[in-house]
Trainee: 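For reference, the structure I am asking about is given below.
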Amino acid sequence: MRDEIKTSYDAVRAQERWQQFWEQDNTFTPIDDGSKERRYVLDMFSYPSGDLHMGHAEAFAIGDVVARYWRLKGYDVMHPIGWDSFGLPAENAAIARDSHPADWTYANIETQANSYKRYGLSLDWSRRLHTSDPEYYRWTQWLFLRFYEQGLAYRKDSFVNWCPKDQTVLANEQVVNGACERCGATVTKRKLTQWYFKISDYAQRLLDDMKQIEQGWPERVLAMQRNWIGRSQGAYVDFKIEGRDEPVTVFTTRPDTLYGATFFVVAPDSDLAAELCAPAQRDAFNSYLEETKKATEIERQSTERPKTGVFLGVHAVNPVNDELIPVYAADYVLSDYGTGAIMAVPAHDQRDLDFAKTYQLPVRMVLDTGLPDPAASGVATPGDGAYVTSAALDGLTDKTAGVAKMCEWLEERGLGKAAITYRLRDWLLSRQRFWGCPIPIIHCPGCGEVPVPDDQLPVTLPDLRGAALTPKGVSPLASATEWKSVPCPRCGAPAERDADTMDTFVDSSWYFFRYCSPGYTEGPFRSEDVAKWMPTAQYVGGVEHATMHLLYARFFTKVLYDLGLVGFTEPFSRLLNQGQVINKGKAMSKSLGNGVDLGQQIDAFGVDAVRMTVVFAGPPEDDIDWADLSPASSLRFLQRVYRLAADVASAPGADFNTGDLALRQTTHRGISAMTEALDSQRFNVAVARIMELVNATRKAIDSGPGGGDPAVREAAEAITIALSLVAPYVAEEMWELLGHTPSVANARWPHPDPALLTQESVTCVVQVQGKVRAKLEVTPTVTEEELTALALADPTVQRTLADRPIRKVVVRPPKLVSIVPG
RNA sequence: GCCCAAGUGGCGGAAUGGUAUACGCGGUCGGCUCAAACCCGGCUGUCCUUAAGGACGUGGAGGUUCGACUCCUCUCUUGGGCACCA
């Protein structure tokens with residue numbers, strides 16, 4: 001009995017009922033016949049690490065509001081779902097359980113799929129994909145080969161994170177405080193041959209094309225990408241080195257300070273350092289190099305760390321004055337930025353100055369900035385100033401002019417040229433892991449790298465499980481001898497498959513194209529399908545992917561454009577980064593014990609209440625703290641709304657025009673306000689507007705025209721449709737209760753009637769010296785003169801003005817009168 | 001160090017340059033009830049005042065304006081990103 005009073009609708013029953021209905025009805029499969037304008041709403045697909053959690057709850061609730069709203073507005077909406085199902089956790093689980101990674105992966109996918117369905121998302125299940133399916137990764141491999149043909153996929157040697165105990169390469173994310181996250185051993189660097197994508201070729205386009213998405217992407221994401229790409233403008237300068245025929249090129253942003261270069265530094269882990277080192281210094285260099293390799297990432301990144309280095313026993317020649325300057329190897333110079341070598345100008349660069357002080361190297365000021373001499377102060381002066389002892393530059397006083405002049409000088413003599421470099425490095429995609437997409441390359445002793453022919457794709461994974469997946473220093477695939485041994489496709493000689501798999505970010509860089517052509521067998525997608533749906537109208541996902549997935553996806557799209565496969569260069573027109581769901585001020589974590597279980601919340605309050613809670617909590621991009629929220633009150637509200645529908649006594653199709661005018665006006669103003677909030681993605685405000693309309697309708701039923709008035713039906717229907725965006729189950733129940741045929745998702749978003757948006761009386765504010773002194777009820781059509789007279793006649797205004805003369809009156813009929821006394 | 005974002009009641013948060021604090025949470029008073037829960041309604045920024053009323057109030061300091069949470073300059077704080085990038 002008590003429960004019946006408490007709950008006027010049965011959430012669990014409604015969830016089961018409508019979930020089944022939507023599935024059988026294919027309510028959320030797009031028509032795709034061109035009769036309606038298409039819109040593509042995309043949620044970042046999930047990794048199947050377990051069941052859905054609070055983070056999914058928020059992100060998907062937001063994406064679903066957008067998808068459902070656009071569907072109601074009359075668009076043909078595609079809202080697909082899939083899984084990013086390759087990845088390391090599956091492999092670790094397989095080792096621990098002596099099973100195949102697929103067992104764990106696909107079991108988790110089923111769990112999540114059921115949860116997505118229960119969560120009431122308006123998803124099109126007919127486009128479902130898993131990146132670990134051979135029919136998907138076949139096309140990942142196909143794309144890799146296209147990149148390879150274009151020279152955009154290549155192999156090179158590089159230093160990578162290496163765990164000496166586990167005998168395996170580690171991704172940067174797996175290095176925690178310089179130690180292996182699995183065993184705690186100190187991670188070192190090891191030189192390995194790895195596959196790369198040449199994303200650096202696209203650095204400038206990744207910057208330039210931001211113009212296309214500036215309107216639709218959060219500024220902070222664009223800023224992060226700009227920062228990450230790190231364009232910097234300067235010059236290459238050639239330095240001759242004693243005993244070397246070819247000069248060594250350095251990159252500098254300050255060629256104008258060349259006269260102040262007093263030494264030269266190369267990255268210790270570069271080939272150049274090893275080559276330049278004089279025999280006498282060989283031992284010292286080798287031990288320094290060892291030390292460098294051992295230095296953990298944390299140590300290396302600390303700016304507090306004192307500068308270290310070793311003299312290489314050779315000298316370079318400063319091209320502007322032919323001075324001999326000593327060459328050092330020091331780890332403050334990075335091998336993979338610029339050319340891995342720098343000219344050091346201690347007076348005007350703090351790092352060079354720190355190094356110079358440690359090794360007692362000369363400091364020569366060539367730029368008078370008005371600040372104390374760096375040689376004495378220990379503080380470098382990197383700003384603008386008047387050039388001194390810089391020959392042709394002397395007399396100039398600003399950097400731009402100095403740089404330009406020096407570049408010109410260098411170019412005339414063939415000693416250097418203006419240049420641009422980027423911080424963006426090529427994308428290392430090799431992983432010595434099993435559960436990923438095999439790299440479709442065969443290594444032949446005679447022919448070298450040979451691509452697997454397209455008609456032999458996919459290169460599927462062999463059946464390895466349990467202990468066979470234990471890291472051994474090379475990919476587990478390398479020990480699958482039968483799988484690995486193949487004839488060379490070119491010459492037929494015995495050859496070997498590449499044993500590495502691809503970074504899972506490769507899989508996720510094109511899945512949104514695949515959704516456009518599910519099940520297509522002639523290619524990764526049909527270009528016509530992609531042209532119909534893309535660019536994606538709305539992408540929703542976490543900001544943690546700002547410089548990873550989102551950058552890679554943009555890169556892939558540009559390459560596909562260059563290949564003629566797609567007709568645009570930016571995949572996502574609009575991006576929304578939802579905030580995190582936290583608890584008691586901190587991110588939810590096992591160690592803090594502050595996790596909130598989504599399933600439990602749904603069991604306790606129902607899907608609708610949970611969805612409503614996260615959407616109403618605040619602006620979608622802000623973090624929301626579960627401790628501040630009240631799903632119980634969301635449920636209470638939903639029950640109140642449900643009773644509203646139950647109280648509607650007029651028949652479906654009743655003529656709204658005969659309804660109570662005041663309520664009708666409130667309803668139409670409410671619809672207008674909701675529409676405005678939704679169009680500007682202020683979903684929390686949209687919910688507040690629904691609540692306001694609910695309150696007004698309740699009053700109309702209880703103490704106004706009553707439930708039989710058609711205006712009450714009009715309001716209840718508008719509320720039901722709007723509510724279906726956040727609380728689809730209650731909305732379906734209400735829609736049915738109101739005598740309509742399901743689904744409410746097929747209803748039309750209500751249009752506010754302009755005639756009902758006007759009011760017969762508005763409040764006019766009267767300000768004196770900017771302070772509100774009176775409020776007048778006036779008709780909207782009141783004239784400026786009438787309003788002025790009314791305002792001046794008001795007793796409070798009179799009293800405030802006292803006998804002061806009036807200097808000025810600003811009138812904005814019908815809302816405001818502002819009086820300025822003299 | 002560089003870049004980005006944000007600072008509004010006890011709390012989450014509203015506010016095309018025009019009534020600051022919508023909506024909700026919490027609190028409180030009341031109704032319903034034998035009673036409690038549920039539900040419904042009122043009140044709820046701070047200070048002064050018996051009251052009527054008034055003063056102050058959107059991190060801080062200036063400025064623009066008849067009028068500033070909103071625009072401009074400076075500044076403080078918090079959060080985030082990048083970081084020995086030459």
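In what follows, every chain begins at residue 1, and chains take the letters A, B, ... in the order their sequences are listed. Below, all heavy atoms of this structure are taken into account, side chains as well, without hydrogens, waters or symmetry copies. These figures come from a predicted structure and were not determined experimentally.
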Trainee: By a strict heavy-atom criterion of less than 4.0 Å, which residues belonging to residues 690-699 of chain A are in contact with RNA chain B?
Mentor: A:Met691, A:Glu692, A:Asn695
Trainee: If only side-chain N and O atoms of A:Tyr337 are considered, is one of them under 4.0 Å from the OP1 or OP2 phosphate oxygen of B:A86?
Mentor: yes
Trainee: Does the ring of A:Tyr332 carry A:Lys307 above it, NZ/CZ under 6.0 angstrom from centre and within 45° of its axis?
Mentor: yes
Trainee: With heavy atoms under 4.0 Å as the rule, sort A:Phe616 into base, sugar-phosphate or nothing.
Mentor: base
Trainee: With heavy atoms under 4.0 Å as the rule, sort A:Val685 into base, sugar-phosphate or nothing.
Mentor: sugar-phosphate
Trainee: Take A:Arg425 and A:Gln767, find for each the nucleotide of RNA chain B with the closest heavy atom, and name the residue whose nucleotide sits nearer the 5' end.
Mentor: A:Gln767
Trainee: Strictly below 4.0 Å, N to O, side chains only: are A:Lys399 and A:Asp384 in salt-bridge contact?
Mentor: no
Trainee: Give me the distance, rounded to whole Å, that separates B:C47 from B:G10 when you measure between the P atoms they each carry.
Mentor: 10 Å
Trainee: Could you tell me whether the phosphate oxygens of B:G53, OP1 or OP2, come under 4.0 Å of any side-chain nitrogen or oxygen in A:Arg799?
Mentor: no
Trainee: Counting only distance, no hydrogens or angles, is the base of B:C66 paired donor-acceptor with the side chain of A:Ser818 under 3.5 Å?
Mentor: yes
Trainee: Using nucleotides 1-11 of chain B, report all nitrogen or oxygen pairs with the protein that are shorter than 3.5 Å.
Mentor:
none

Trainee: Base, sugar-phosphate, or nothing: which does A:Arg689 touch, judged by heavy atoms less than 4.0 Å apart?
Mentor: base
Trainee: Mind calculating the distance between CD (A:Gln769) and C1' (B:C66) to the nearest angstrom?
Mentor: 10 Å
Trainee: What does A:Thr252 touch in the nucleic acid at a heavy-atom separation under 4.0 angstrom: a base, only the sugar-phosphate, or nothing?
Mentor: sugar-phosphate
Trainee: Find which nucleotide of RNA chain B each of A:Arg254 and A:Ala617 is nearest to by heavy atoms, and output the residue with the more 5' nucleotide.
Mentor: A:Ala617
Trainee: Just checking A:Thr547: base, sugar-phosphate only, or nothing, at a heavy-atom cut-off of under 4.0 Å?
Mentor: nothing
Trainee: Between A:Asp622 and A:Gly579 (side chain of the first, backbone of the second, donor and acceptor by atom type, cut-off under 3.5 Å), is there such a pair?
Mentor: no
Trainee: Run the ring-centre check on A:Phe616 versus A:Phe637 and record whether the distance is less than 6.0 Å.
Mentor: no
Trainee: Looking at A:Lys808, does any N or O in its side chain come under 4.0 Å of the phosphate oxygens OP1/OP2 on B:C66?
Mentor: yes
Trainee: Under 3.5 Å for both distances, Watson-Crick or G-U wobble, that's the pair rule; now give the dot-bracket for RNA chain B, with | marking pairs to another strand and [ ] for crossing ones.
Mentor: (((((((..(((.....[....)))((((((.......))))))((((....))))..(((((..]....))))))))))))....
Trainee: Using a heavy-atom cut-off of 4.0 Å across all strands, would you classify A:Asp702 as base, sugar-phosphate, or nothing?
Mentor: nothing
Trainee: In terms of ring plane angle, is the pair A:Phe251 and A:Tyr337 parallel, tilted or perpendicular, where the classes change at 30° and 60°?
Mentor: perpendicular
